Every structure is written in structure tokens, then in C-alpha cells.
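In what follows, a structure is listed as C-alpha cells, so that the remarks can point back to it.
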Number of protein chains: 2
Amino acid sequence: MIQELIKELPLKKKQILETAEDLFLRFGIKRISIEEICSTAKVSKMTFYKYFKNKNELVKYLWSLMFEYGMKKLEEIEKLDITFQEKIELILKLKEESAKKLSHEFALEYFFSNTDLKEFFNQMYKRSISTFITFIKNAQAKGEVRTGMKPEFFIAATNKLMELVKDNELVNSYDSYKDFVLEINNFLFYGIFPRPNHE
Amino acid sequence: MIQELIKELPLKKKQILETAEDLFLRFGIKRISIEEICSTAKVSKMTFYKYFKNKNELVKYLWSLMFEYGMKKLEEIEKLDITFQEKIELILKLKEESAKKLSHEFALEYFFSNTDLKEFFNQMYKRSISTFITFIKNAQAKGEVRTGMKPEFFIAATNKLMELVKDNELVNSYDSYKDFVLEINNFLFYGIFPRPNHE
DNA sequence: GCTTTAAATGACTAAATACGTACAATATAA
DNA sequence: TTATATTGTACGTATTTAGTCATTTAAAGC
């Protein structure tokens, strides 16, 4: 997912980041040790500490890449000459793609970290939110979305629904965590009605 | 999955087994500590050690339950008054169901453990194999499967294909580990041809 | 060839985590 | 009331992990 953003980086740093992304997404952050990242990435610990001060710094770097990726994709989609609904479809496909290997563990740590990463996450989250609000407002200016809808409400609703991630029983009633993420996203855009042109 | 087999057990022992099954399947055995099992199962450590000598004994007990479940289901399917192909369909559905939360990690530890669990696994595996061979031979006796096919070859082929679990690159090319498991199983029964009546 | 730089290795300490046991306190049920 | 089951805390030990360092290996440039 982040691959296209780190092409310029040194090989070993790339290997670390790709491995960390994969392992963190699948098992959550706290379950993965630096040593495991190093051994699976085929990188020595020294090399790790050359590029990252510690695990937290790696996580921050990775998160910022993931945010950057999402915002870049959103901007690309916004520029396309297609209907707003088609843009929403692309966004949903993007979310589906990103959720492929996402585990419940990681999502919990990502959205509801209570460590010193919380502040860092919040900052990035606010930035991505404002990008998305601009996206909606632009669409409203072009008459593609009804102007009565406050983008701020959409964001607030999103935040509220995100708290469902903490409802273990609900999450576990889905075959995979990915299915749960899809449900939330579909619901946010289409409510209870079927997603158009989607088998 | 194993729930129906442990109904009679004491409540706390059930909680431990269900939690362990869930966590082991999702994250693999070595990543999960006894303390994590206890806390998520809402059981004290003392109670854990009352029912299980250590983690290995828990794993053995769990594995034997999982084998027992599979063999019990196979026997149930065999008794049904349906065509052989319909039975195969049921077996595939069963495998699909079992693989829902299965992670690559667990499958590796399960099939290729190199600890002292290996011997234990092999014993159970042999038993389940002979059950399956009987299943095929009975079908051959009834003329439901061509008699030219040696069941032993089928088992040997299965074992060989199972080694693909160790091919990380191949496994990772699937969206989820479950999809990979389905591919193997479909292939074993239907080769490269489509699974009948399956969308 | 030689020199300089980057990376890998193995060893090391300190901290954190996990294991397995023990005991007192509490809850439950006969 | 008397067993029985469960919990919480604590503890010593073992294992794992984090982070650092000196040394070896590999590679790149000249």
C-alpha cells in the first residue's frame, strides 16, 4: 500500500517499512517486536536503529505514510472528470483495498491508541478530515451534493460509527474484519440501500 | 467450531478453550501468552493451571478437539443419503467454515510444528487420514468413485500440496489465508475445473 | 589493486514480559 | 457450616526484547 511512497528510500529502510506495515496490519503493533521485524525483513538490528530511533518512531513514520497515501489518493480521485457518485465508488474501492489485510487489533490501536501516539494520530487525523471536508464542499459548490448537508455532520457521524470498532461482539459477528470495515463505509455513504452497480 | 464438543465441560474450562481457539487461530500459538488467554477469557491464572498443566497441554487438548470435530463431521456427512459429489460439496463447505478465522501463522504451526508437539500432531493426523481413506473406499465399494483411484494417492497428493503452506510468496498473493486454503481444497477435489453449482 | 563507507554479526546489559507456584481472600453451593 | 471453586496478589525464575557496542564482512569508488 505504501510502496509507491517509499520508492526513493534506501533498500533496507524500505524493507523495514514494508515488513512493519504487513506485520502491524495483520497482528497489531504491540504483538510485533523490533526483532521480529528485523528478522523477517532480513535487516540487522543495527540497521533498524540507524533509520528509526525506536518502535514508536517507526509507527509514527508508518502512520504518516498511510495518511499521506490516503490523502494523495483522495486528491487524485477528486481531480477525475467523473460524477461524484463514481468518485465515491472509487473511494469505497480504495477503502476495500486498504482493509484487505487489516486486523481488528491494528484498527483498535490505530483509532484508539492511549499511548503517546494518540496526540500524533489526532494531528494527522484532523488534517485528513479537513481534506475530506474540502472534498465535500467542492462537490457542493458544483452542485454534486445537496448543500443542505453539513460536511461537519458527516465527519461527526463517521467518528461516532468508528467507535463501533470497540464493540467486539459486533465485529466478531462478521467473517473477517475487512467485511466489518466495508459495512461501516457502505453505510456511511449509502445508508441501508444497496451500493449501486456492485455485485 | 469446537463449541459443540465441550458443552459438558466446566464453564471456566470452556471459556479458556474457546478463547484459546480464537486467539491461536488468528495469531498463531507462539504469539499468544497464557496470561493473555486468561485475561481475555476472564479466568484467573490459578484456574488455568487447575485445568491445564501448561500451554503445550492446552494446545494438545485443543488440537485433539479440532481433529475430533473434523472426524465427527466427516462421519455425519458419510451417513447422509446424498450423492458422493454432494458429500464432497459439504466437506468443502465445512473446510471453508473452519478456515474463516484461520491465519497462516497457525496453519504453519499446526502442520509443521518442530517442537515436541510434532509427534502428537502426527498421531492424530494418521488417524484422521485413515478415517478419510475409509470414506473413499466405502464410496468406491458403492461405485461412487472410480475404483482405479488409489485413496493412498489422494492422501499423498494432499500432503504434498499442504507443503505449499510454507511458500510465503504464494500464500501472500491471496487476499486472505482463507482464500488460499479454499484454493487448495477445490483443487484437490476438482482440479482446474469449476466447482459445480458454486457461484 | 587499495581505501572508504555501508551493512551484518555476535555479544552484551538492562528492562520487560512470561511462566509457574504459593497463599490469603472471596465467592458459591451443598 | 463446611467444602469447593475462583480470584488477586505476589514472587522467583526463565525467557524475550530493547538498545548499544566493537568487530567482521561486503561493497563501492578511485
Side-chain angles (χ1 to χ4, degrees), chain A residues 6-63 103 105-106 108-109 113-118 120, chain B residues 6-63 103 105-106 108-109 113-118 120:
Chain A
I6 59 178
K7 277 189 189 134
E8 311 295 320
L9 297 182
L11 175 67
K12 294 287 167 180
K13 193 173 182 181
K14 265 195 293 189
Q15 287 174 351
I16 293 170
L17 285 165
E18 283 167 15
T19 307
E21 184 193 23
D22 177 59
L23 291 177
F24 285 164
L25 280 177
R26 280 162 57 205
F27 303 109
I29 295 162
K30 71 170 191 300
R31 245 181 264 274
I32 301 300
S33 69
I34 292 177
E35 290 187 349
E36 186 169 5
I37 294 171
C38 290
S39 61
T40 43
K42 296 201 198 313
V43 160
S44 75
K45 237 202 288 193
M46 271 306 286
T47 310
F48 176 92
Y49 283 103
K50 184 185 170 187
Y51 291 119
F52 304 99
K53 204 166 140 266
N54 51 39
K55 191 170 157 183
N56 258 8
E57 295 301 313
L58 168 64
V59 172
K60 286 185 190 174
Y61 192 79
L62 197 57
W63 280 4
S103 69
E105 287 30 62
F106 184 81
L108 280 170
E109 289 173 323
S113 64
N114 40 18
T115 62
D116 52 335
L117 290 167
K118 193 177 188 66
F120 181 79
Chain B
I6 58 178
K7 275 186 190 139
E8 311 296 320
L9 297 182
L11 176 67
K12 294 288 166 181
K13 194 173 181 181
K14 266 195 294 188
Q15 287 175 349
I16 294 170
L17 285 166
E18 283 168 16
T19 308
E21 183 192 23
D22 176 59
L23 292 176
F24 286 162
L25 280 176
R26 280 161 58 204
F27 302 108
I29 295 163
K30 71 169 191 302
R31 243 181 266 274
I32 300 300
S33 68
I34 292 176
E35 289 181 350
E36 185 169 6
I37 293 172
C38 290
S39 61
T40 44
K42 297 200 198 313
V43 160
S44 75
K45 233 202 291 194
M46 268 306 285
T47 310
F48 177 91
Y49 282 104
K50 184 185 169 183
Y51 290 118
F52 304 100
K53 202 165 142 266
N54 51 39
K55 191 170 160 183
N56 258 9
E57 294 303 313
L58 168 64
V59 172
K60 286 185 191 173
Y61 192 78
L62 197 56
W63 280 3
S103 70
E105 294 18 70
F106 183 82
L108 281 170
E109 290 172 323
S113 64
N114 40 20
T115 62
D116 52 337
L117 290 167
K118 196 179 186 66
F120 181 79

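Just so we're clear, the structure is a prediction, and the values are computed from it rather than from any experiment. Naming convention: chains lettered A, B, ... in sequence-line order (proteins, then strands); numbering from 1 in each chain.
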- Query: Base, sugar-phosphate, or nothing for A/Tyr51, non-hydrogen atoms under 4.0 angstrom?
  - Reply: sugar-phosphate
- Message: Does A/Lys53 reach a base, just sugar-phosphate, or nothing at all? Heavy atoms under 4.0 Å.
- Response: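 Nothing, no heavy atom under 4.0 Å.
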Given atom [atom1] of [X] and atom [atom2] of [N], what is their separation to the nearest angstrom?
| X | N | atom1 | atom2 | answer |
| --- | --- | --- | --- | --- |
| B/Ile34 | C/dT21 | CD1 | C1' | 12 Å |
| B/Ile32 | C/dC19 | CD1 | P | 10 Å |
| B/Lys12 | C/dA27 | NZ | P | 14 Å |
| B/Gln15 | D/dT6 | CD | C1' | 11 Å |
| A/Leu11 | C/dA6 | CG | P | 15 Å |
| A/Met46 | C/dT5 | CE | C1' | 14 Å |
| B/Tyr49 | C/dC23 | OH | C1' | 17 Å |
| B/Glu36 | C/dT17 | CD | C1' | 12 Å |

- Item | Closest nucleotide among D/dT6, D/dT17, C/dA18 to the A/Ser33 side chain |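 Nearest listed nucleotide: D/dT17.
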- Message: Looking only at the side chain of A/Glu35 (C-beta and beyond, no hydrogens), which of the listed nucleotides D/dT6, D/dT17, C/dA7 gets closest?
- Response: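 My answer, after comparing the listed nucleotides, is D/dT17.
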Quick one, [X] and [Y] - any side-chain contact, counting heavy atoms below 4.5 Å?
| X | Y | result |
| --- | --- | --- |
| B/Ile37 | B/Leu58 | yes |
| A/Thr19 | A/Val43 | no |
| A/Glu36 | B/Arg31 | yes |

- Task: Would you state whether a donor and an acceptor, one from the side chain of A/Lys45 and one from the base of D/dA18, lie under 3.5 Å apart?
- Result: yes
- Task: Name the orientation class of the two ring planes belonging to B/Trp63 and B/Phe106 (parallel below 30°, tilted from 30 to 60°, perpendicular beyond 60°).
- Result: perpendicular
- Query: At under 4.0 Å, does any side-chain N or O of A/Thr47 touch on OP1 or OP2 of C/dA6?
  - Reply: no
- Would you say D/dT17 has OP1 or OP2 under 4.0 Å from some side-chain N or O of A/Lys55?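 For D/dT17, OP1/OP2 do not have a side-chain N/O of A/Lys55 under 4.0 Å.
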- Message: Treating B/Lys45 as the side-chain partner and B/Ser39 as the backbone partner, does any N or O pair qualify as donor plus acceptor under 3.5 Å?
- Response: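 No, B/Lys45 side chain to B/Ser39 backbone: no donor-acceptor pair under 3.5 Å.
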